[in-house]
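Structure first, then comments.
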Amino acid sequence: MIKIIKDVYDTRAEIFSATEKKVDVSKVVTDIIEKVKTEGDKALYGFAEQFDKVKLDSLVVTKEEMDEALKEVDSEFIAVLERASENIREFHSKQKREGFEIRKQNGVIVGQKIIPIERAGLYVPGGTAAYPSTVLMDAIPAKIAGCEQVVMVTPPNKDGKVNPVILCAAKVAGVDKIYKVGGAQAIAALAYGTESIPKVDKIVGPGNAFVAEAKKQVFGKVSIDMIAGPSEIMVIADKSANAKHVAADLLSQAEHDKMASAVLVTDSLEFANAVSSQLEIQIDKLERKEIARASIDDNGKIFVADSIEKAIEIANAIAPEHLEICLDEPMKYLDKIKHAGSVFLGKNCPEALGDYFAGTNHTLPTSGTARFSSPLSVDDFIKKTQYIYYDKDALKEVANDVKYFAEKEGLTAHAKSATVRFED
């Protein structure tokens with residue numbers, strides 16, 4: 001049963017204490033990465049047998065497999081994927097940046113270019129659930145940014161195939177290459193390249209503890225989006241909200257993972273008890289009830305605050321991944337939210353809208369990192385290059401300033417490089 005906490009003190013410790021218990025996977029991941037670096041495809045085939053219990057003939061998803069997947073998946077779901085992708089494209093297209101240039105009358109030009117990364121690598125989880133939504137959320141911003149190639153890795157099933165809904169989503173999103181490999185070995189393959197899988201410039205996408213650790217270890221060799229922890233939802237609601245609806249929203253995250261956190265903050269003890277009762281009623285009806293039960297019992301919390309204003313303070317202290325504001329006038333609180341991955345406003349805006357359809361990205365900062373980081377976006381797939389041009393007269397005008405600055409730092413060669421052009 002979910003815990004109800006009436007006196008709110010150290011809310012971050014209360015919420016994240018359970019999710020901070022981690023298994024040390026670093027040595028296992030280090031060994032996997034090293035094996036992929038030295039053995040390439042051979043290591044990937046071996047890990048497929050060891051971890052996925054399948055003997056693969058090829059790591060590449062072929063055109064024939066793509067065509068077969070399109071036939072297997074019902075046309076209505078493909079239409080849903082298309083509609084969702086339209087919303088995602090519309091939202092993320094607004095994130096595109098332009099470079100700039102400043103030209104001064106004295107012959108100085110400075111500017112900034114926006115350049116897409118050449119090759120993006122997407123990790124799409126397998127395991128206990130298939131996530132075609134992750135394919136859309138990760139691939140579409142990369143395509144909008146202008147990446148030359150978008151490469152996807154995802155674990156095969158025991159038949160050596162990739163879930164057809166994943167492949168359909170990849171087709172809709174415009175993924176260029178797909179490979180049947182998962183886990184830390186997939187991250188290593190993207191970071192270092194193998195005979196089959198090209199080395200990428202950035203790796204994005206969620207995964208289990210082994211995937212997260214692998215992303216951490218290859219960072220620097222490649223860029224990564226973030227180190228994602230277990231999923232989180234926080235709901236702020238008062239007694240005017242519907243307890244059945246709020247419970248359903250909490251369970252939408254609890255079913256992800258036994259380590260997921262589902263948290264309600266309310267100013268009503270009566271409403272807190274009503275939501276607690278609804279959770280007990282609804283959990284047993286879920287297909288993933290064992291996972292949801294563990295999440296709610298171990299990590300679920302209901303905080304009873306003095307006021308909605310105090311609830312907002314708690315939300316900003318916690319910086320949740322998903323924040324629902326289930327109030328009659330949610331817009332008046334939006335500007336008060338300083339730290340959250342994605343905010344869902346009103347009583348008719350379940351978090352699932354953001355997961356699948358609204359167009360905002362669902363790859364979000366977790367574990368309080370929304371205090372300083374952002375959802376996945378087009379910005380994750382670009383880089384900026386600065387440029388400078390000075391003609392001779394422009395340089396002469398500032399050469400002594402550069403010299404003075406450099407000498408204050410004890411860097412006389414820097415100083416000389418600015419003045420040497422005028423010694424003759």
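Of the inter-residue distances, the one linking Glu72 atom CD with Asn163 atom CG reads 9.0 Å to the nearest 0.5 angstrom. With values rounded to the nearest 0.5 angstrom, His245 atom NE2 is found 9.0 Å from Gln278 atom CD. Put simply, NE2 on His339 and CD1 on Ile318 are 12.0 Å apart, with the number rounded to the nearest 0.5 Å.
Counting only distance, with no hydrogens or angles, the side chain of Tyr179 and the backbone of Ser196 share a donor-acceptor pair below 3.5 Å. Between the Asp257 side chain and the Met259 main chain, a donor and an acceptor come within less than 3.5 Å of each other. Although no hydrogens or angles enter the test, the distance criterion places no donor-acceptor pair under 3.5 Å between the side chain of Arg119 and the main chain of Asp201. Looking at Asp176, its side chain never comes within 3.5 Å of a backbone N or O of Val151 through a donor-acceptor pair. Without hydrogens or angle criteria, Glu409 side chain to Ala406 main chain gives no donor-acceptor distance under 3.5 Å.
In this structure, Tyr356 places its OH atom where only 12 or fewer heavy-atom neighbours from other residues, nucleotides or ligands lie under 6.0 Å away. The environment of Glu287 atom CD is sparse: at most 12 non-hydrogen atoms of other residues, nucleotides or ligands sit within 6.0 angstrom. Environment of OH in Tyr387: crowded, with over 12 heavy atoms of neighbouring residues, nucleotides or ligands closer than 6.0 Å. Within 6.0 Å of NZ in Lys161 there are 12 or fewer heavy atoms belonging to other residues, nucleotides or ligands. Shown here is Glu49, whose CD atom has more than 12 heavy atoms of other residues, nucleotides or ligands within 6.0 Å. Within 6.0 Å of the CG atom in Leu334, the count of heavy atoms belonging to other residues, nucleotides or ligands exceeds 12.
In this structure Glu280 satisfies the side-chain contact (heavy atoms from CB on, under 4.5 Å) test together with Met1, Arg293, sequence neighbours excluded.
One finds no salt bridge joining Asp297 and Lys3 here, because no Lys/Arg side-chain nitrogen approaches an Asp/Glu carboxylate oxygen to under 4.0 Å.
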